[in-house]
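Numbers here simply count residues along the sequence, with the first being 1. All values reported here derive from a predicted model rather than from experimental measurement.
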Amino acid sequence: MTLRPSYEQCGSPPCPSPVSRLPSRSILCKTPRPCSPVLIGCRVRSKTRHFEPNRRYTMIVSFSRRIALLTLVVLSAGSAFAQGDRPELLLYCGITMVRPMTEIAQRFEQRDNVKITIAQGGSEDLYQSAKKSGVGEWYLPGEPSYRDKHQPEGLLGDFVNVGYNQMALMVQKGNPKQVKPDPRELLRKDLTAIVGNAESGSVGQESKSILDALGIYQQVLKSAAFLAPDSRSLMNAMKKQEADVTLTWRATGFFPDNAAFLEVIDLDPHIAKPQALLLIQLKSAKYPERANGFMNFAAGDEGQAIFRKHGFLDNQTAIDH
C-alpha cells in the first residue's frame, strides 16, 4: 500500500515559486532531505516572521497549481501500475480519512493480493485531479455534497456509506481560554482563530455551511489569522500553537499525535450535523470487480471497526435528519 503525497508534496524537483505572498507571512517551498520511498518531494510550509497582534492575513495557495501538482503525482503513480505483478488500484482520499483507509487498504491488500495507492488531499482538489487524470478506482470526499455537486459530470458511480464525520471546535489541551461549545467563539477578540478554505477541502466547505447558517461566515473570514487547505494543516497549526481555536473535523482530535496536545469541544448536532462519508466507485475504474469488493470490505464489520477506532461514527449510527 502506497501513500501518494497531497498537493503539499509535489514531486522530487523543487516546487514552483509561491503564487501568493502576503505581508508578514510568507509561503516557503523547498526540497528537504532526499526523498523517502513512501512520501516523496517537497512541502509547502508557512513561516511567520513577524505577526502583529491586531492584524490577520489570509494564506491562499493557487487552486489551479494544487490540481496540476496532484494530477502529476497521480499520473506518475498510474505509469507505474503496469510495472507490477499485482493489480494496482488508486484511491483518492480526503485528508481526514487517510488513517482508517490506510489500515483498511493494508488488510484488503493481504486478503486479495492487490496493491492500493492512496492519493491524499482536499476533497475538491482530489476530484479535479481524478477528472483530469482519468485514472483511479475510488473517490472518498469528506462530505456528501461533493457527490451531489459532481454527479452530473458522469465520473462518479455507485457508492457505499463507510461512516460519518462531524465538525467540532478544537482548542489547546485543557481549554486554557475557556472556549464554549459555540461556533461564535471564533469571533472572540481575545482568541486567534483559523479556519479551512472552502475552495479546497471538505473542512472548509462544511465550516462555511455551519457559519453561513449562523450568519457569521464573512465575519469569521475577516477575523481569522489564515485559511488552511485541509484538516491536517489546521491541526498542525494548532499543535504549533499558532492559534487558540479552529473549527475542524471531530475525529482528528482523537488521533494519538493530536490528542496529546489538543482538546475537542463538541457542538450541538443540530448545528454540526454528522456528514456521511461516501466511498464512491469511479467510472474510470480499471478493476471494477475488485473495486466493488473493497467497497464492501470498508463498509462491512471489519472496516467499520477500524473507522470507530480512529474516532469516526460508523455507518450504523442513527442520524436525525
Side-chain angles (χ1 to χ4, degrees), residues 1-4 38 86-121 123 126 130 136-148 151 156-168 202-203 206 231-232 248-259 264 266 269 272-283 285-321:
M1 199 279 304
T2 302
L3 280 177
R4 285 287 169 183
V38 177
R86 298 181 294 168
E88 299 198 31
L89 302 94
L90 176 61
L91 165 64
Y92 297 90
C93 183
I95 286 287
T96 306
M97 292 78 67
V98 166
R99 298 191 189 205
M101 291 308 295
T102 296
E103 188 171 340
I104 289 171
Q106 289 170 339
R107 295 193 188 186
F108 189 79
E109 284 178 332
Q110 295 172 357
R111 195 189 77 170
D112 275 43
N113 192 33
V114 298
K115 182 178 180 180
I116 296 176
T117 295
I118 295 179
Q120 53 182 305
S123 296
L126 289 168
E137 275 65 40
W138 314 276
Y139 170 53
L140 178 57
E143 62 173 21
S145 66
Y146 290 95
R147 180 180 179 274
D148 298 336
Q151 185 68 26
L156 306 180
D158 295 336
F159 68 91
V160 293
N161 183 342
V162 294
Y164 293 89
N165 210 351
Q166 190 173 17
M167 295 290 279
S202 63
V203 69
E206 185 63 10
S231 60
R232 177 183 293 165
T248 188
W249 292 117
R250 180 180 184 274
T252 60
F254 296 95
F255 296 167
D257 51 327
N258 294 333
V264 174
D266 283 321
K273 299 176 182 178
Q275 298 295 320
L277 297 172
L278 306 181
L279 179 58
I280 306 167
Q281 184 170 328
L282 299 175
K283 293 185 179 178
K286 190 175 180 180
Y287 304 100
E289 291 186 5
R290 283 190 165 95
N292 188 62
F294 178 75
M295 291 165 67
N296 292 334
F297 182 74
D301 291 343
E302 192 169 349
Q304 290 304 287
I306 293 171
F307 265 93
R308 288 193 298 271
K309 183 178 77 172
H310 288 278
F312 294 85
L313 304 175
D314 66 28
N315 59 11
Q316 299 302 309
T317 303
I319 303 297
D320 294 330
H321 297 286

What's the shortest heavy-atom distance between [X] and [Y], and which atoms?
X: Ala130; Y: Leu282; result: CB-CD1, 4.2 Å
X: Pro100; Y: Thr96; result: CD-O, 4.4 Å
X: Ala298; Y: Gln304; result: O-NE2, 3.0 Å
X: Val203; Y: Met167; result: O-CE, 3.6 Å

With a 6.0 Å cut-off (strictly less than), is the heavy-atom count around CG of Asp301, excluding the residue itself, greater than 12?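 Not buried by this count: 12 neighbours or fewer within 6.0 Å.
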Just checking Asp158: does its CG atom have more than 12 heavy atoms from other residues, nucleotides or ligands closer to it than 6.0 angstrom?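 12 or below, so no.
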Any donor-acceptor N/O pair, [X] side chain to [Y] backbone, under 3.5 Å:
X: Gln275; Y: Pro144; result: no
X: Tyr139; Y: Ser123; result: yes
X: Glu88; Y: Thr117; result: no

Close side-chain approach of Tyr164 and Arg250, heavy atoms under 4.5 Å: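 Contact flag for Tyr164/Arg250 side chains = no.
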Using a 4.5 Å cut-off on heavy atoms from C-beta on, say whether the side chain of Asp112 contacts that of Phe297.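 They are not in contact (no side-chain heavy atoms under 4.5 Å apart), so the answer is no.
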Going by the salt bridge (Lys or Arg N to Asp or Glu O under 4.0 Å) test, name the single residue among Arg107, Lys309, Arg308 that passes it with Glu302.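 Passing option: Arg107.
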Going by the angle between their ring planes, with limits at 30° and 60°, are Phe307 and Phe312 parallel, tilted or perpendicular?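 The arrangement is perpendicular - the two ring planes meet at more than 60°.
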For Ser231 and Thr252, which I'm curious about, is there any donor-acceptor pair between the side chains at under 3.5 Å?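 The criterion, which ignores hydrogens and geometry beyond distance, is not satisfied for Thr252 and Ser231.
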Looking at Gln281, Met295, Lys286, which one forms a side-chain contact (heavy atoms from CB on, under 4.5 Å) with Glu137?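 So the option named by the test is Lys286.
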